[in-house]
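Remember, it's a predicted structure, so these values are computed and weren't measured experimentally. Below, chains carry the letters A, B, ... as their sequence lines are ordered, and counting in each starts from 1.
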Protein chains: 2
Amino acid sequence: MSRHEELRAIALAEFAASGFAATSLQRIADLAGMSKASVLYHFESKERLLAEIVNPALDDLDALIVSVDEAGALRHRDFVERFVDLLLLHRQVVPLVINQGATLDDVPVMHRATLLMRRVSELFRLASGSTLEKLRFGVAFGGVAYTLAAAERLGLNGEIPIDEVRSALLEILHDLLVPAESPIA
Amino acid sequence: MSRHEELRAIALAEFAASGFAATSLQRIADLAGMSKASVLYHFESKERLLAEIVNPALDDLDALIVSVDEAGALRHRDFVERFVDLLLLHRQVVPLVINQGATLDDVPVMHRATLLMRRVSELFRLASGSTLEKLRFGVAFGGVAYTLAAAERLGLNGEIPIDEVRSALLEILHDLLVPAESPIA
DNA sequence: CAGAAAGCTGTCCGATCGGTCAGTACCGTT
DNA sequence: AACGGTACTGACCGATCGGACAGCTTTCTG
């Protein structure tokens, strides 16, 4: 792993655990065993560092949305499965975006995240659905994000195999989202 | 509303929206139309201010847990209902604790929150349940918290009557949690 | 009306923040 | 041996942080 990637990994872990604003470049530098000036050599600013961390996940989400748009329609179950795989692949980024997206919406990369999530919700056409449907959507995605993030803090899950988490999340999400009528159907 | 309560309300909104660490006493003072020194006159420290905001909600949660313990058993549905009412009553505090509890666990009041949430999970005996049951619990409570917090950012809910939210959340939570075997039954 | 108490403020403090910059040590290439 | 680029650093900057404190008003009370 290059120094650059190493820094990204360290910063991601800290941003997700402590928050972007609360994580200083000095702390990242300490964890990486280098000076703060060196961190700013690799990434021209703190915001840039955040962008390089979050953008790959957003690129994948964007691609998923585009592929659904092009297909015109997609079986509901297939979309949920691909979405869950995406969340699991980027599972460290998910809580960062979910928990701090509102706070950091003035940062361009986080605003991009907000826009993409809105498009996902529109795919389900739930923005115009009933209260129950809207809340089902909110609970489903917020719940998954929360679970991927900090559930171990409450002793809810320890070292659970990723496959087991995947199948369980698929079942839960399917239960929650299928009742809602959707163009993905 | 007294000046003291007004400051608490302003600080709560800011802490929930921007995070504890990212919200300065100066900003709270500006929003309240007074000086930073005055804020520190009402609350001897920033941590104290947080404690006075969060503790009332934790007191209510504590009381709910104790009442369940004393009753020995409680119908599952009743507990969920009382829990949802508690979340709705303190709906501004919920995201604060959920999103930032891990970050601020060294702050006494937030550690108390962590301990109480752990006791709730134990009430459901889900800490020793299957992966699916554990994740159901995580998704349920994380999802509700997230929904109460920032869902409007995605256009998921606008100005929905609280009663409607309540009944919808009850239905969703019941769907999610009932499949799990529980001593509350 | 006097004095205590409560409310509030300006000023200052040390610490830390993100970021700049000149300079250094180490590299493979020629 | 001279070189240019890459990695890195210490020192420094202005801004902001939470907090301490003396002193100024306003309000309550005897």
Q. Starting at CZ of B:F43 and ending at P of D:dG19, how long is that distance when rounded to a whole Å?
A.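 After rounding, the gap between these two atoms is 13 Å.
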Q. D:dA15 P sits how many Å from B:Q26 CD, rounded?
A. 15 Å
(Q) Tell me whether A:V120 shares a hydrophobic cluster with A:L116, the cluster being built from Ile, Leu, Val, Met, Phe, Trp, Tyr side chains joined at under 4.5 Å. (A)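 Same cluster.
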(Q) Counting only heavy atoms and a strict 4.0 angstrom limit, can you tell me which residues of residues 44-51 of chain A come near DNA chain C? (A)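 Of all residues in residues 44-51 of chain A, the ones placing a heavy atom under 4.0 Å from DNA chain C are A:S45, A:K46.
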(Q) With each end axis built from five pairs of C1' atoms, what bend angle do you get for the helix from C:dC1-D:dG30 to C:dC27-D:dG4? Round to 10°. (A) 10°
Q.
Which residues pass the side chain to side chain donor-acceptor pair (under 3.5 Å) test with A:S18, not counting sequence neighbours?
A. none
Q) So which pairs with a foot in residues 19-44 of chain B pass salt bridge (charged side-chain N to carboxylate O under 4.0 Å, His left out), sequence neighbours left out? A) B:E14-B:R27
Q: Could I get the full list of salt bridge (Lys or Arg N to Asp or Glu O under 4.0 Å) partners for B:E171, not counting sequence neighbours?
A: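 B:E171 satisfies salt bridge (Lys or Arg N to Asp or Glu O under 4.0 Å) with A:R136 once adjacent residues are dropped.
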Q. Taking it one step at a time, do B:I172 and A:L132 satisfy side chain to side chain contact (heavy atoms under 4.5 Å, CB included)?
A. CA-CA 8 Å; B:I172 295 170; A:L132 180 60; 3.9 Å; yes
Q: Go along nucleotides 4-14 of chain C 5' to 3' and tag each nucleotide: B for a protein heavy atom under 4.0 Å from its base, S when only backbone or sugar atoms are that close, - otherwise.
A: --SBBBB----
All side-chain contact (heavy atoms from CB on, under 4.5 Å) counterparts of [X], not counting sequence neighbours:
X      : result
B:L170 : B:V80, B:E81, B:V84, B:R166
A:R119 : A:D62, A:I65, A:D69, A:E122
A:R3   : A:E6, A:M34, A:H42
A:S35  : A:A37, A:S38

Q | Residues touching DNA chain D, which here means a heavy atom under 4.0 Å, drawn from residues 5-19 of chain B | A |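 Output list: empty, so none.
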Q.
Quick check against the 3.5 Å criterion: does A:Q92 have a side-chain atom that pairs as donor or acceptor with the backbone of A:L12?
A.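 Not confirmed, A:Q92 side chain does not pair with A:L12 backbone.
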Q) When we call it a touch if two heavy atoms are under 4.0 Å apart, what does B:S2 touch: a base, just sugar-phosphate, or nothing? A) nothing
Q. Under 4.0 angstrom, heavy atoms only, what part of the nucleic acid is B:L25 near: base, sugar-phosphate, or nothing?
A.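 Sugar-phosphate, backbone atoms only, no base.
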**Q.** Test side chain to side chain contact (heavy atoms under 4.5 Å, CB included) applied to A:V139 and B:L169, step by step
**A.** CA-CA 9 Å; A:V139 169; B:L169 286 183; 4.1 Å; yes
Enumerate, atom names and distances included, each donor-acceptor pair closer than 3.5 Å involving a side-chain atom of residues 47-58 of chain B, sequence neighbours excluded.
| from | atom 1 | to | atom 2 | distance (Å) |
| --- | --- | --- | --- | --- |
| B:E52 | OE1 | B:H4 | NE2 | 3.1 |
| B:N55 | OD1 | B:R112 | NH1 | 2.7 |
| B:N55 | ND2 | B:A51 | O | 3.3 |

Q.
Can you tell me which nucleotide in C:dC17, C:dG19, D:dG18 comes closest to the side chain of A:L40?
A.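 Nearest to the side-chain atoms of A:L40, counting from C-beta on, is C:dG19.
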Q. In terms of ring plane angle, is the pair B:F141 and B:F137 parallel, tilted or perpendicular, where the classes change at 30° and 60°?
A.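 Answer is tilted, since the angle falls between 30° and 60°.
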